[in-house]
J.: 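Structure below; questions to follow.
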Amino acid sequence: MASVPAALHPDAALPNPPNSTPWCLNGSLPLQTHYAAILKFSGVPEQDVLLAVWRSQTFQPAHYVARDVARSKLVICISCHSGMLQAAQWVLASVEQEVLAALQAQPCLDLMVTGHSMGGGIAALLALMLRHDPRLSMRTRSRLRAVCLAPAAVLGHSLAVACRDFVVSVINNNDLVPRVSIHSLSTFVHQVAAASPLQQAMAALARL
């Protein structure tokens, strides 16, 4: 089982996950649960989890950085339901030291950003910022990819088109969240209003 700080959990026998923050995610599940999930489902060895920030609050989403040696990837993973652009800026500030150090030590690593729901939207924004970050080599920037799982809509049409070469959205069937935006909601409201019997009657009277 993954470990947590002894000060937080007196019965913990192992040292804290590397570079992790001593908090329960959203104040609910213990640290062992989240850390063990990373190790179990990603298959990444413990020593390759370079940073783990478990505390999630407004504009400061939980996230971690892991090195996938088998696939030559450096992965930034975001879990969030509480912020967008400011959250992406905060994640960048949080991970930049570990990411730059890892890429300097192993320039062959490809950088990948991923997240789910709002975390997916933040991943797209973070990828956009990293794509234009002069601290990264041209190779790293050109090979950067973002895989966004059911992401919240965060980009306008023109910016989305500009990102299509390095941002991929994975959406399950008719999932509503990725399709909700100011434009889509405005269109929906106008269509519902236009379809109402009162609106149709008023339109008919106006034609008389």
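Not measured: the values here are computed from a predicted model.
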J.: So, taking the atom named OG in S142 and the one named CG in L111, what distance separates them when rounded to the nearest 0.5 Å?
T.: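 It comes to 11.5 Å.
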
J.: Quick check: closest heavy atoms across P151 and G121, and the distance to 0.1 Å?
T.: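 Smallest heavy-atom distance, with atoms named: CB-N, 3.6 Å.
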
J.: Quick one: closest heavy-atom pair of G115 and A123, and the distance?
T.: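 For G115 and A123, the tightest heavy-atom pair comes out as N-CB, 3.9 Å.
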
J.: Can V167 be reached from L92 by stepping across I, L, V, M, F, W or Y side chains whose heavy atoms are under 4.5 Å apart?
T.: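 Linked, L92 and V167 end up in one cluster.
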
J.: Are I76 and V147 in one and the same hydrophobic cluster, where Ile, Leu, Val, Met, Phe, Trp and Tyr link if side-chain heavy atoms are under 4.5 Å apart?
T.: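 No; V147 is not reachable from I76 via cluster members.
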
J.: Does one hydrophobic cluster hold both L155 and F166, with members joined at side-chain heavy-atom distances below 4.5 Å?
T.: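 As far as the 4.5 Å side-chain criterion goes, F166 and L155 are connected within one cluster.
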
J.: Answer with yes or no whether the hydrophobic clustering places M112 together with L125; edges join I, L, V, M, F, W, Y residues whose side-chain heavy atoms lie under 4.5 Å apart.
T.: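 In one cluster: no.
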
J.: Measure the CD1-NE2 distance between I122 and H116 for me, rounded to the nearest 0.5 Å.
T.: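 Nearest 0.5 Å value for the CD1-NE2 distance: 12.5 Å.
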
J.: Can you tell me how far OH of Y64 sits from CD1 of I78, rounded to the nearest 0.5 angstrom?
T.: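 Spacing of CD1 (I78) from OH (Y64) equals 11.0 Å.
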
J.: Out of R139, R145, R71, which residue meets the side-chain hydrogen bond (donor to acceptor under 3.5 Å, both in side chains) rule with D110?
T.: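 For D110, the side-chain hydrogen bond (donor to acceptor under 3.5 Å, both in side chains) check succeeds only for R139.
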
J.: Report the residues that fulfil side-chain contact (heavy atoms from CB on, under 4.5 Å) with R67, sequence neighbours left out, ordered by chain and then residue number.
T.: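 Once residues adjacent in sequence are excluded, the partners of R67 under the side-chain contact (heavy atoms from CB on, under 4.5 Å) criterion are D48, L50, V69, L74, Q106, L109.
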
J.: Is there any ring pair (Phe, Tyr, Trp, His ring centres under 6.0 Å) pair reaching into residues 87-106, and which pairs are they, with sequence neighbours excluded?
T.: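 Of all non-adjacent pairs touching residues 87-106, those that pass ring pair (Phe, Tyr, Trp, His ring centres under 6.0 Å) are H63-W90.
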
J.: Do V75 and L100 share a hydrophobic cluster (ILVMFWY, side-chain heavy atoms under 4.5 Å, transitive)?
T.: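 No: no chain of side-chain contacts under 4.5 Å links V75 to L100.
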
J.: Rounded to the nearest 0.5 Å, how far does CD of Q104 lie from OG1 of T140?
T.: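 Reported value, rounded in 0.5 Å steps: 11.5 Å.
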
J.: Can you tell me how far apart CG (L136) and CZ (R143) are? Round to the nearest 0.5 Å.
T.: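 Output value for this atom pair is 14.0 Å.
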
J.: Hey, could you give me the CG/CG distance between L128 and L144, rounded to the nearest 0.5 Å?
T.: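 Output value for this atom pair is 9.5 Å.
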
